[in-house]
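Notes for the one structure printed next.
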Amino acid sequence: MSNVRVRFAPSPTGSLHIGGARTALFNWLFARHNNGAFVLRIDDTDTERSTETSYQEILSAMKWLGIDWDEGPEKGGEYGPYLQSQRMEIYRQAVAKLLSEEKAYLCYCTVEELAERRKKAQAEGKPPMYDRRCRYLTPEDRNKLEQEGRQPVVRMAIPDSGTTTVHDLIRGDVTFENNTIDDFIIVKSNGMPTYNFATVIDDYLMKITHLIRAEEHLSNTPKQILVYEALGYSLPKFAHVPMILAPNRSKLSKRHGATSVEEYKEQGFLPEAILNYLSLLGWSPEGEEEILPLDKIIKDFSLERVSKNAAIYDTKKLTWINGHYLREADPDRITKLALPFLQAKGLIPNPLPDEDYNRVQNIILAVRERVKTLEEIADAASYFFKEIEEYDPKGVRKQFSKIETADLLDEARNYLTELSEFNAKTTEEAYRKLSEDKGIKTGQLFHPTRLAISGRTMGPGLFDIMELLGKETVLKRLEKASKWIRENN
RNA sequence: GGCCCGUUGGUCAAGAGGUUAAGACACAAGCCUUUCACGCUUGUAACGGGGGUUCGAUUCCCCCACGGGUCACCA
């Protein structure tokens, strides 16, 4: 185990979305590549918005994706606890230190007062920064304000000159003027620390060596560096990875369709496909191959090949990758994964009786070759489990528009009835013989038959469908189709 | 608005002063095939604009434009 330690620190205020998953993945890949440790920490200092549900959702999404953590919730570790809400005493000590050294100070301004001043500053075209009016309060001032019943917050005393530079592994040096940095709040009036403060303490105490996170945090970084310095902590290395944007170039939000890992799961995407796709957003391997097994990604991953520019996610490519993995996956695994989707559509009973398993599996395997998600497997397999409700209109125009076709289907039915063994091989032989006997091209026979027994113009091999459907069903559907043709022509 | 980051085809992206500017997805055509899909072949399509530096800029510098992020008692 090398000394590389990285972390993913989501706040449990919503489900794990694609962007968060990508950040988690890059951290995880970096840890695995370097044989380091991947820490999961829950940043739940926002008591208003944090929920147990989100917490559970995030953990389960991580597990589903296969991004496992070496230290963190449910796992423990040397540097716990891994929930910030359980680390209050640690923060309290740090605050006391800063306060006593006058690197931080108490501020009695209320939320309302602040909001008003911010509004006013904005209106005057000035930056909406805190005016530092509580920075130089005397003990008497503080007493007075406290007697008014005001609950103070703690603010960092930011130097009013100089610069702070972030040495970013991806972007190089990024320098900020200290006078553009606010005396930001590090402890709220309810006693909870804020993100920019707690994260520094925890990252330091947890011995995190590399902070790999989304670019939206780059502007926060100088604030955090100032906290590191005030506390006398050594700095980790920073790497700000590009953001993932929605198709309209804006930040990911619910409005843009599926954004959470959970939703992709529900749509029938495979975890390995999502991981593969996500790894390609903002990072590129050296070779040209883009379908990459996870161990290959781990082996090749490096921060040097992470790009600087934001990426718009494209479901089409994800879908293509998913189709690939769907076809490659182990038959039993794919069957088990597809079952719930068939059940959700009421195509098969839940639980599925053991004696039906084989047939259902064969259907799934026949159909998976031509679809891209588990959900589509269910759509493509529907006619194996229920009656055909409607013949594909385009197919009808092409195949069911002549009365002779009805005669042909009747004749086909006779040929098939004769069969003592009914499988792909025997049915195909019968069909080839029929088309020969009639002196017609196989297509003239095959296409209407496909429509008759599946209701569609596309799908698995015709004779595979027959075998999967069984003799009785095939004969019945053939008869029904021939009748339909006579009635509609 | 201030500050910060970014800008190669529709999308993801390679590229590191001299290239016919890769590759993938998507799209189109063809082949294969009983259909569809897979696979294979081929094609359409890009360096935001303007100045420099240089014998030569997609590549280095500056300006502009555009996109994004951030300025919360959210993380």
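Computed from a prediction, not measured in an experiment: that's the story for all the values here. Residue numbers start from 1 in every chain, and the chains themselves are labelled A, B, ... in the order their sequence lines are given, proteins ahead of strands.
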### Query
Out of B:A14, B:A75, B:C73, which has the shortest distance to the side chain of A:S284?
B:A14

## Note on the structure
Applying ring-ring contact (aromatic ring centres under 6.0 Å, His included) to A:F26 and not counting sequence neighbours gives A:F301

### Message
Taking the nucleotide of RNA chain B with the nearest heavy atom to each, does A:S307 or A:S11 sit closer to the 5' end?
### Response
A:S307

### Query
So do the side chains of A:L434 and A:E411 get within less than 4.5 Å of each other, counting heavy atoms only?
yes

### Query
Does A:H217 have any ring-ring contact (aromatic ring centres under 6.0 Å, His included) partners at least two apart in sequence or in another chain, and if so, which?
A:Y195

#### Entry: Atom-to-atom span, CG of A:N276 to C1' of B:C25 - whole angstrom
12 Å

### Query
Would you say A:E429 has more than 12 foreign heavy atoms packed within less than 6.0 Å of its CD?
yes

### Query
Which residues pass the ring-ring contact (aromatic ring centres under 6.0 Å, His included) test with A:Y233, sequence neighbours left out?
A:Y204

### Message
Could you tell me how far apart A:D182 (CG) and B:C73 (C1') are, to the nearest whole angstrom?
### Response
12 Å

### Query
Between B:C71 atom P and A:I185 atom CD1, what is the distance in whole Å?
12 Å

### Query
Excluding sequence neighbours, so at least two apart, what forms ring-ring contact (aromatic ring centres under 6.0 Å, His included) with A:F269?
A:Y264

Can you give me the N/O atom pairs linking the protein to nucleotides 42-46 of chain B at distances under 3.5 Å, or say none if there are none?
none

### Message
If I take atom CD in residue A:E290 and atom C1' in nucleotide B:A24, what distance separates them, rounded to the nearest angstrom?
### Response
4 Å

Review item, nucleotides 33-38 of chain B N/O atoms under 3.5 Å of protein N/O:
unit_1, atom_1, unit_2, atom_2, d
B:U34, O2', A:H447, ND1, 3.4
B:U34, O2', A:H447, NE2, 3.2
B:U34, O2, A:R450, NH2, 3.3
B:U34, N3, A:L462, N, 3.3
B:U35, O2', A:T457, O, 2.6
B:U35, O2, A:R450, NH1, 3.3
B:U35, O2, A:G459, N, 2.8
B:U35, O2, A:G459, O, 3.2
B:U35, N3, A:R450, NH2, 3.1
B:U35, N3, A:G459, O, 2.6
B:C36, O2, A:R370, NE, 2.4
B:C36, O2, A:G459, O, 3.4
B:C36, N3, A:R370, NE, 3.3
B:C36, N3, A:R370, NH2, 2.8
B:A37, O2', A:E369, O, 3.0

Please list, for nucleotides 63-68 of chain B, all pairs of protein and nucleotide N/O atoms separated by less than 3.5 Å.
none

Every protein N/O within reach of nucleotides 1-3 of chain B N/O, cut-off under 3.5 Å:
none

### Task
In whole angstrom, give the distance that lies between atom CE of A:M129 and atom C1' of B:A72.
14 Å

### Query
Would you say the base of B:A75 and the side-chain of A:D44 have a donor-acceptor pair closer than 3.5 Å?
no

### Task
Classify the side chain of A:T194 and the base of B:C73 as holding, or not holding, a donor-acceptor pair under 3.5 Å.
no

### Summary
Across all chains, not counting sequence neighbours, the side chain to side chain contact (heavy atoms under 4.5 Å, CB included) partners of A:D300 are A:W283, A:K296

### Query
CZ of A:R22 versus C1' of B:C12: gap in Å, rounded?
12 Å

### Message
Does A:R456 reach a base, just sugar-phosphate, or nothing at all? Heavy atoms under 4.0 Å.
### Response
nothing

## Note on the structure
Whole-Å distance, A:W283 CH2 to B:G15 P, equals 12 Å

### Message
So A:H217, base contact, sugar-phosphate only, or nothing? Heavy-atom distance under 4.0 Å.
### Response
base

### Query
When the distance from CZ of A:R87 to C1' of B:A75 is rounded to whole Å, what number comes out?
17 Å

### Task
Give each stem of RNA chain B as a range with a range, requiring at least 3 consecutive Watson-Crick or G-U wobble pairs whose two distances are under 3.5 Å.
B:1-7 with B:65-71, B:10-12 with B:23-25, B:27-31 with B:39-43, B:48-52 with B:60-64

### Message
Categorize A:R368 for me: base, sugar-phosphate, or nothing, with a 4.0 angstrom heavy-atom threshold over every strand shown.
### Response
nothing

### Query
For residues 158-174 of chain A, which residues have at least one heavy atom under 4.0 Å from RNA chain B?
A:R171, A:V174

### Message
Please list all pairs meeting salt bridge (Lys or Arg N to Asp or Glu O under 4.0 Å) that have one or both residues in residues 268-281 of chain A, counting only residues at least two apart or in different chains.
### Response
A:E272-A:R333

### Message
With nearest nucleotide decided by heavy atoms, which residue, A:D314 or A:K317, maps closer to the 5′ end of RNA chain B?
### Response
A:D314

